[in-house]
Engineer: 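Handing you this structure, nothing more for now.
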Amino acid sequence: MRRILVTSALPYANGSVHLGHLLEHIQTDIWVRFQRMRGHQCIYVCADDTHGTATMLLAEQEGVSEEELIKRLHAEHIADFNQFHISHDNYYSTHSEENQYYSNLIYTQLMDRGYIYTENVEQLFDPERKMFLADRNVRGECPRCGAPDQPGDNCDSCGATYDARELKNPVSALSNSTPILRNSEHYFVDLPKFTEFLKEYIHNGSQQPEIANKLNEWIEGGLRGWDISRDAPYFGFPIPDTVDKFFYVWMDAPIGYLASFKNWCTKNNVDFDDFWRRDSDCEVHHFIGKDIINFHCLFWPSVLHHSDFRTPLKVHVHGMLTMDGVAMSKSRGTFVLARTYLDFFDPDYLRYYLGARLTSNSSDIDFGSEDFVTRVNGDLVGKLVNIAARSEGFLAKNFDNKLSSELAEPALWQEFVDEAESIAAWYEEGDTRRVVRRVMELADRCNQYLANKAPWQLIKDADRRDEVQGICSMGINLYRTLIGFLKPIIPGLTERSEEFLNAGPLTWENLTQPLLSHRLGTFGRLLNRIDLKTFNKMIEAGAEKPLTDDAAEPESKSEDIQIDDFLKVDLRVARIVQADVVDGADKLLRLRLDVGDHERTVLSGIRSAYKPDELIGRSTVVVANLQPRKMKFGVSEGMVLAAGPGGSDIFLLAPDEGAEPGMRVT
RNA sequence: GGCUACGUAGCUCAGCUGGUUAGAGCAUAGCAUUCAUAAUGCUAGGGUCGUUGGUUCAAGUCCAACCGUAGCUACCA
């Protein structure tokens with residue numbers, strides 16, 4: 001028997017469970033249920049990720065303490081996951097004694113071994129609220145495209161990433177005051193010291209190949225120290241032997257896996273160290289989304305290894321969920337809460353649909369509304385449940401619900417049973433799409449069999465009644481095998497089927513033993529068909545702004561802009577007075593531009609199309625009010641306009657004769 | 001630009017370490033059937049496997065370049 005510990009990433013405690021969370025927890029739960037069905041010990045723990053500025057601010061906004069807030073959401077999360085049959089053994093919280101204990105322990109170990117250093121960091125500070133501002137809590141104009149009201153890490157409008165200090169006219173989202181720059185000492189994990197360790201670690205098979213490639217890219221690019229401290233006020237654990245320093249939420253979040261498990265161990269009398277000591281022969285599996293692989297595949301194993309814990313055996317990374325091709329995000333209002341979903345559909349539909357699409361790789365999964373309806377109706381109702389429904393009627397009417405004493409088609413039965421091991425292998429590697437595909441092929445075989453035998457014809461002939469019993473018993477037995485194969489994916493339907501089959505819970509072992517001379521329970525409708533209208537109603541219901549964290553984001557902009565928007569761009573005629581190759585750069589030219597009242601320097605990536613000499617003296621158009629951009633080779637004070645696909649096909653714009661430097665383009 | 005993926009029927013995708021006429025589901029058309037939740041079965045149309053080269057007796061499957069898409073990233077201003 002294998003001993004396996006499994007986790008899903010910790011949902012953050014400032015919002016409700018939504019379809020994105022469910023993708024991950026369903027994927028994990030399918031794997032967990034499969035392992036248990038195979039007879040292994042499989043402990044599945046999770047927790048709420050409670051710390052950080054976001055929780056603190058939300059609590060304040062709602063006028064409650066952080067503890068009250070996270071307690072409420074904790075209860076809500078547990079209820080939601082339960083409804084979807086997510087079988088956590090423990091759903092705990094990072095705001096717990098155990099977590100504080102392990103956070104301190106790990107930190108101290110790292111500190112004692114010289115893996116922690118401090119450095120001064122300059123950050124925006126809200127003078128009114130007397131606190132440093134996280135990137136998300138600063139808003140201002142994008143330094144690149146000038147879009148107003150953008151957060152401090154990247155621009156929603158042009159996608160640029162930048163430092164919060166680069167924002168133009170920054171404003172604190174908390175107090176609307178103007179932030180000032182201030183220094184603070186921060187604690188860093190010396191990640192570069194773990195480079196050699198990580199190089200080996202990522203090739204030990206603990207991640208999917210494409211993830212290992214990605215990690216390798218990051219490692220080769222050079223690791224940087226990881227800032228694990230935040231200044232007070234901060235909702236989190238104080239860092240030992242410091243004043244007003246707290247662990248950054250991402251430091252203690254993964255430690256929450258240990259804490260939740262420890263909490264479970266205490267209650268269930270299991271030795272924590274069996275699973276977490278260096279040479280443990282137990283298994284540890286993490287299921288995460290691809291957005292957090294750096295935390296789980298670089299930081300987390302490094303931190304564990306260098307504080308004497310074992311590293312995870314495997315990190316299973318899944319892609320992101322999109323809805324009808326559009327990224328799910330709060331700001332766009334395209335996401336569906338677990339609770340909203342439950343108002344309209346059975347949780348098994350979602351489990352089945354996602355199961356039918358999940359593979360062992362990390363590609364994104366699109367939730368297609370039509371696809372969803374088609375698969376549920378076609379596969380589950382039309383094919384699978386149909387087998388039971390069409391077989392059961394004859395048995396109930398004519399044979400008192402009793403199955404025949406032997407199999408009518410042993411060969412066909414064997415064909416189904418023989419699939420068990422390959423299906424198990426696909427579950428093991430997380431390729432549930434393949435499981436579902438194969439099971440549906442088998443369901444087709446079964447429907448073909450029933451169509452060929454046509455028991456509704458035979459039943460008219462009194463001499464052939466026994467044949468009918470045999471055929472329908474085959475139908476029921478095959479149905480039982482199929483539902484057994486899908487049990488980890490659709491536990492609700494399985495449970496109702498088990499009740500009808502009246503032979504106890506299905507296990508991987510007993511599903512290959514046919515039921516003979518067995519009396520069935522009463523058959524009720526197992527599953528209902530769904531329609532697209534209901535789906536659309538769900539989307540409408542979900543479109544109402546859910547009660548969550550982030551400040552309301554601006555509506556997504558239409559393609560058309562107003563004249564005012566255009567006028568914000570100060571386009572000027574400029575004459576190139578000087579042009580030089582930039583040493584060390586492949587694509588840049590340094591241009592000195594006469595813009596009428598003064599000259600300025602612009603770095604432009606047009607070297608592949610123009611020689612410096614042929615540019616001097618030419619007139620062109622420049623964006624004059626662009627925020628100066630610090631680049632590797634100097635500061636660029638504007639942008640010259642050019643068109644073309646790139647390479648040698650770049651064409652500089654030029655005004656007609658008569659235009660003088662400094663003239664505004666309107 | 002770099003990196004990592006991906007590009008197979010209208011749509012969603014299978015095609016494992018290269019090997020007979022490239023498969024499935026949905027959709028479309030026709031037929032059969034009525035036991036079953038307008039469920040099921042059979043049949044048909046539809047693909048120059050992104051493009052161009054190359055390796056090989058043999059390539060959707062390997063290699064290269066290019067085109068396109070996505071994510072990350074940069075000397076993209």
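Note that the structure is predicted; figures quoted are calculated from it, not measured. Every heavy atom of this structure was used, including side-chain atoms; hydrogens, water molecules and symmetry mates were not. Numbered from 1 within each chain, the chains take letters A, B, ... in sequence-line order.
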Engineer: Start at the 5' end of RNA chain B and walk down; is the nucleotide closest to Pro455(A) or to Asn452(A) reached first?
Structural biologist: Pro455(A)

Engineer: Quick one: side-chain hydrogen bond (donor to acceptor under 3.5 Å, both in side chains) partners of Asp531(A), sequence neighbours excluded?
Structural biologist: Thr534(A)

Engineer: For U61(B) and C49(B), measure between their P atoms and round to the nearest Å.
Structural biologist: 10 Å

Engineer: Show the nearest heavy-atom pair for residues Phe34(A) and Ala424(A), with the distance to one decimal.
Structural biologist: CZ-O, 3.4 Å

Engineer: Using the P atom in both, what is the distance from C57(B) to U43(B), to the nearest Å?
Structural biologist: 40 Å

Engineer: Apply side-chain hydrogen bond (donor to acceptor under 3.5 Å, both in side chains) to Lys290(A) and list each qualifying residue two or more places apart in sequence or on a separate chain.
Structural biologist: Asp364(A)

Engineer: Under the ring pair (Phe, Tyr, Trp, His ring centres under 6.0 Å) rule, collect the residues that match up with Tyr341(A), sequence neighbours excluded.
Structural biologist: Phe84(A), Phe345(A)

Engineer: Roughly how many Å is it from CG in Leu215(A) to C1' in U73(B), rounded to a whole number?
Structural biologist: 15 Å

Engineer: Atom CZ of Arg434(A) to atom C1' of G25(B): distance rounded to whole Å?
Structural biologist: 16 Å

Engineer: If you look at every strand shown and take non-hydrogen atoms under 4.0 Å, does Gln457(A) touch a base, only sugar-phosphate, or nothing?
Structural biologist: sugar-phosphate

Engineer: Taking atom P of U12(B) as reference, at what distance in whole Å does atom CG of Asp379(A) sit?
Structural biologist: 17 Å

Engineer: Check each residue of residues 458-473 of chain A for a non-hydrogen atom within less than 4.0 Å of any atom in RNA chain B, then write out the ones that pass by number, or none.
Structural biologist: none

Engineer: Can you tell me if Tyr479(A) and Ser497(A) form a side-chain donor-acceptor pair at under 3.5 Å?
Structural biologist: yes

Engineer: When you compare G47(B) with U8(B), how far apart are their P atoms, in angstrom units rounded to a whole number?
Structural biologist: 15 Å

Engineer: What stems, by residue range, does RNA chain B take part in, given at least 3 consecutive Watson-Crick or G-U pairs under 3.5 Å?
Structural biologist: B:1-7 with B:67-73, B:10-13 with B:23-26, B:28-32 with B:40-44, B:50-54 with B:62-66

Engineer: Considering only the P atoms, how many Å lie between A74(B) and G2(B), rounded to the nearest integer?
Structural biologist: 15 Å

Engineer: Phe367(A): what forms a ring pair (Phe, Tyr, Trp, His ring centres under 6.0 Å) with it, not counting sequence neighbours?
Structural biologist: Tyr353(A), Phe372(A), Phe535(A)

Engineer: Are any of the side-chain nitrogens in Arg464(A) or Glu467(A) under 4.0 Å away from the carboxylate oxygens of its partner?
Structural biologist: yes

Engineer: With Asp463(A), which residues qualify under side-chain hydrogen bond (donor to acceptor under 3.5 Å, both in side chains), at least two apart?
Structural biologist: none

Engineer: Check the distance between A24(B)'s P and Arg357(A)'s CZ and give it to me in whole angstrom.
Structural biologist: 20 Å

Engineer: Using side-chain contact (heavy atoms from CB on, under 4.5 Å) as the criterion, list what pairs up with Asp444(A), not counting sequence neighbours.
Structural biologist: Lys383(A), Gln448(A)

Engineer: Among the candidates U12(B), A77(B), U34(B), find the nucleotide nearest to the side-chain atoms of Arg375(A).
Structural biologist: U12(B)

Engineer: Does Leu526(A) offer a backbone N or O that forms a donor-acceptor pair with the side chain of Arg496(A) under 3.5 Å?
Structural biologist: yes

Engineer: In whole Å, I'd like the distance from the CG atom of Asp366(A) to the C1' atom of C13(B).
Structural biologist: 13 Å

Engineer: Honestly, is Arg480(A) close enough over Phe416(A), meaning NZ or CZ under 6.0 Å from the six-membered ring centre and within 45° of the axis?
Structural biologist: no

Engineer: Could you state the atom-to-atom distance from CH2 of Trp456(A) to P of U33(B) in whole Å?
Structural biologist: 11 Å

Engineer: Between C3(B) and A58(B), how many Å separate the two P atoms, rounded to a whole number?
Structural biologist: 32 Å

Engineer: Using atom P of each nucleotide, how far apart are C11(B) and G54(B) to the nearest Å?
Structural biologist: 31 Å

Engineer: According to side-chain contact (heavy atoms from CB on, under 4.5 Å), who are the partners of Glu409(A), at least two apart in sequence or on a separate chain?
Structural biologist: Leu412(A), Tyr449(A), Lys453(A), Met474(A)

Engineer: Give me the atom names and distance for the closest heavy-atom approach of Asn401(A) to Gly521(A).
Structural biologist: ND2-O, 3.8 Å

Engineer: Quick one: Met440(A) CE to G25(B) P, roughly how many Å, whole number?
Structural biologist: 13 Å

Engineer: Taking CG from Leu450(A) and C1' from U34(B), how many angstroms apart are they, rounded to a whole number?
Structural biologist: 14 Å

Engineer: When all nucleic acid strands are considered with a 4.0 Å heavy-atom cut-off, which category describes Ser391(A): base, sugar-phosphate, or nothing?
Structural biologist: nothing

Engineer: Using a cutoff of under 3.5 Å, can you pull out all pairs of nitrogen or oxygen atoms linking the protein to nucleotides 37-40 of chain B, with atom names and distances?
Structural biologist:
residue	atom	partner	partner atom	Å
U37(B)	O4'	Arg525(A)	NH2	3.0
U37(B)	N3	Leu527(A)	O	2.5
U37(B)	O4	Leu527(A)	N	3.3
U37(B)	O4	Leu527(A)	O	2.7
A39(B)	OP1	Arg529(A)	NH2	2.6
A39(B)	O2'	Gly382(A)	O	3.0
U40(B)	O2'	Arg390(A)	NH1	3.3

Engineer: Would you tabulate the nitrogen or oxygen pairs shorter than 3.5 Å linking the protein to nucleotides 2-5 of chain B?
Structural biologist:
residue	atom	partner	partner atom	Å
C3(B)	O2'	Glu217(A)	OE1	2.3
C3(B)	O2'	Glu217(A)	OE2	3.3
U4(B)	O3'	Asn213(A)	ND2	3.3
A5(B)	OP1	Asn213(A)	ND2	2.4

Engineer: Only counting residues at least two apart or in another chain, list the ones meeting side-chain hydrogen bond (donor to acceptor under 3.5 Å, both in side chains) with Arg390(A).
Structural biologist: Asn447(A)

Engineer: Using the P atom in both, what is the distance from C42(B) to A24(B), to the nearest Å?
Structural biologist: 11 Å

Engineer: Taking the P atom in each of C26(B) and A22(B), what is the distance between them to the nearest angstrom?
Structural biologist: 22 Å

Engineer: Check this for me, if you would: do Arg357(A) and Asp371(A) make a salt bridge, where the nitrogen-to-carboxylate-oxygen distance has to be below 4.0 angstrom?
Structural biologist: yes

